[in-house]
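To start, the structure under review is shown below, and the notes come after it.
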Number of protein chains: 2
Amino acid sequence: MAKVSIKDVARKAGVSISTVSRVLTSSAPVSEELKKKVEEAVQELGYSPSMLARSLRHGRTKTIGFILPDISNPFFVQIVRGAEDYLWEHGYTLIFGSSDQNRKKEDTILNTLLSKHIDGLLFTGTGESNPKLLRSIQHGLNVVFLDRLIKDVNVSYVVVDNFKGITMLVDYLVDTGHRNFIFINGDKNTFSAKQRHDAFISKMREYGLQHEHHYASFSYDAGYEFGKNITKSLPDAILCGNDLIAFGLLDALEEKGVRIPDDVSVTGYDDIPFSKYYKPALTTVHQPTYEMGKTAAEILLKLINGEMTTIEGIVLEPELVVRESTRRK
Amino acid sequence: MAKVSIKDVARKAGVSISTVSRVLTSSAPVSEELKKKVEEAVQELGYSPSMLARSLRHGRTKTIGFILPDISNPFFVQIVRGAEDYLWEHGYTLIFGSSDQNRKKEDTILNTLLSKHIDGLLFTGTGESNPKLLRSIQHGLNVVFLDRLIKDVNVSYVVVDNFKGITMLVDYLVDTGHRNFIFINGDKNTFSAKQRHDAFISKMREYGLQHEHHYASFSYDAGYEFGKNITKSLPDAILCGNDLIAFGLLDALEEKGVRIPDDVSVTGYDDIPFSKYYKPALTTVHQPTYEMGKTAAEILLKLINGEMTTIEGIVLEPELVVRESTRRK
DNA sequence: CTGTTAGCGCTTTCAA
DNA sequence: TTGAAAGCGCTAACAG
């Protein structure tokens, strides 16, 4: 495509390539006369410098990698958007890969990203440990973990306070008269599911309430499945590990003639854009996804530019959103 | 990060760098003995070749750019996923940028992608003409247009048959007794909106039916707004330019006490994942988004690898999906 | 079969 | 202020 190189510009302007470079990067003084010549040549030739060559020279690619479970998941896509906006604004470009919650794929993506010399990595892992990643971090790769942590790893991260989210949810439900609970959680090995599990159990014990907890997966189908198979009498409230699970559950229950929220209250987690429009509109815990992505990108650039040398862990605040899928018992 | 280079490997293995290169790329025969030494050195050093240097050498980056209006739009995200999967499988990496339907931003993204020497571009433009892009194409940039075409440009593309989609929809509605129509369409300058407009008008004339057509934007808010402001008597059916518009309309009408589909039939377009779960479940036209992305990626790689030299235009088939937001009048 | 060398496009000393 | 030249990591043409 851009076949025209710095040499062509130099020739056209009748100067050396170093002069061209100096004009372009304003890295050293150049006489007005030559400067003008160069600028004209650049214009006429439609020259634009090769980031590739620059990267090779500088060892910095102005490219950030983002490994995440699935770009098409509404929860992650807003995070990506937050990161994308911030990074583009600051002259960085984003390469991403979806791991589909598959450790092997996660590895492949990481290898490719490393061989492309990314300047930094935003990482939402499958949850399993990743020795290759750890090694890269020790060798100086700048990484910010997003939404999910890997235990025993000391890196910067941006997460939302799961404990607080569950606490607000349970407190609200207890306040409104709910006394026994089922929690349909997401994938067992993920950081988020584990944290929400711990928070849930802890709150149940605190109040001495009757409860059940099940790990499933963070999907509509998991919720639907659960709803279909539920036979015993319903609890006062069913908490779901995320909104998708809640949608599936809601649909399955509705097909059985269960009325929501009259017969049972149902809650989600995440507050993805659609939860507001669902019928019934979903009571859920809002996570500031766009902000998560943006914040993580911000930290990452600081790390890269050496403006920050310590590990920073940001814990964002969730927000309880009460809508129509719950009611006072 | 990967500070170890081919030199280090060569030194460690006690051979020249060319030998290392030959082993790594199997581009020329190397004795078993040296081969083994090199492989060991690679192992021990954890060496992985720099794609950056390779790219500079070869003039190919194994990177594809994707410019689209908004990654967080459910319609586009599935397209991206289709492209992503295919490209990664074939050793390519994806850089994307959201233009937000803003021509200037589109330009910035294009410039960056070009300076990063992408091997090819997947392009869903704002709809306005883009001279810079045209020039790049003439200079040999491989491009596949996705979902939206720019007129007077002769490049490969993958679209879905909008005429057919609207035809199926109108035919079904007419068959089920609907006789007068309103169409709330998306952004006026987009290819898709224009095509759907043309198809709609043409069908209305063909049947000699009473109709109204309005350009708005492809968003929930546009539909909601329209629904709020509608005062005159309702038509038999309201067609929406996409599902988001339909959701907004549905909610606004419901707030006014209008019953769907009893008082008026409403249809969407796209069949984004949520339309199936909406209440009422949306009658809409399904677009094979994942396949679009995949097909476009496929064509692009063929173009890049010289396996295809002619312009190819793929027109995928839409599918009518009848659900609960329409009924026989 | 193996090593030396030029060069991809650029930045940055080092001299002049 | 300017130009020549080295070198980022790699591949490929050229000798041997």
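A 6.0 Å sphere centred on NZ of Lys302(B) holds no more than 12 heavy atoms belonging to other residues, nucleotides or ligands.
You'll find that the side chain of Lys7(B) is closest to dC8(D), out of dG3(D), dC10(C), dC8(D). Nearest nucleotide to the side chain of Arg22(A), out of dT12(C), dG9(C), dC10(D): dT12(C). Here dT2(C) is the nucleotide among dT2(C), dG3(D), dG9(D) with the atom lying nearest to any side-chain atom of Thr19(B). Nearest to the side chain of Ile17(A), among dG9(D), dG3(D), dC10(C), sits dC10(C).
One atom, CZ of Arg60(A), and another, P of dG9(C), lie 23 Å apart when rounded to the nearest Å. Between Lys36(A) atom NZ and dT2(D) atom C1' there is a gap of 20 Å when expressed in whole angstrom units. Rounded to whole Å, the distance from NE2 on His117(B) to C1' on dC10(C) is 10 Å. Here dC10(C) presents its P atom at 13 Å from CG of Leu52(B), a figure rounded to the nearest Å. What separates CZ of Arg11(A) from P of dG3(D) is a distance of 15 Å, to the nearest Å. If you take CZ of Arg54(B) and C1' of dG9(C), they are 19 Å apart, rounded to a whole angstrom. Rounding to whole angstrom units, NZ of residue Lys37(B) and C1' of dT2(C) are separated by 12 Å. In this entry the distance linking CG of Leu56(B) with P of dA12(D) reads 13 Å, nearest Å.
Residue-to-nucleotide proximity on DNA chain C shows that, of Ser31(B) and Tyr47(A), the 5′-proximal contact is made by Ser31(B).
Leu24(A) comes within contact range of no nucleotide atom at all, as no heavy-atom separation falls under 4.0 Å. Base contact: Ser21(A) has a heavy atom under 4.0 Å from a base atom.
Contact check, His58(B) against dA12(D): a side-chain N or O comes under 4.0 Å of OP1 or OP2. Between dC8(D) and Ser55(A), no contact under 4.0 Å exists linking OP1 or OP2 to a side-chain N or O. One finds a side-chain N or O of Ser16(A) lying less than 4.0 angstrom from the OP1 or OP2 phosphate oxygen of dG3(D).
Looking at Ser18(A), its side chain comes within 3.5 Å of the base of dA4(D) through a donor and an acceptor atom.
Atom-to-atom distance recorded for Lys194(B):NZ and Ser192(B):OG is 9.5 Å, nearest 0.5 angstrom. Of the inter-residue distances, the one linking Leu87(B) atom CG with Phe66(B) atom CZ reads 9.5 Å to the nearest 0.5 angstrom.
Residues Asp70(B) and Ser72(B) have side chains that bring a donor and an acceptor to within less than 3.5 angstrom of each other.
Using a cut-off of 4.0 Å between Lys/Arg side-chain N and Asp/Glu carboxylate O, Asp107(A) and Lys104(A) are scored as not salt-bridged.
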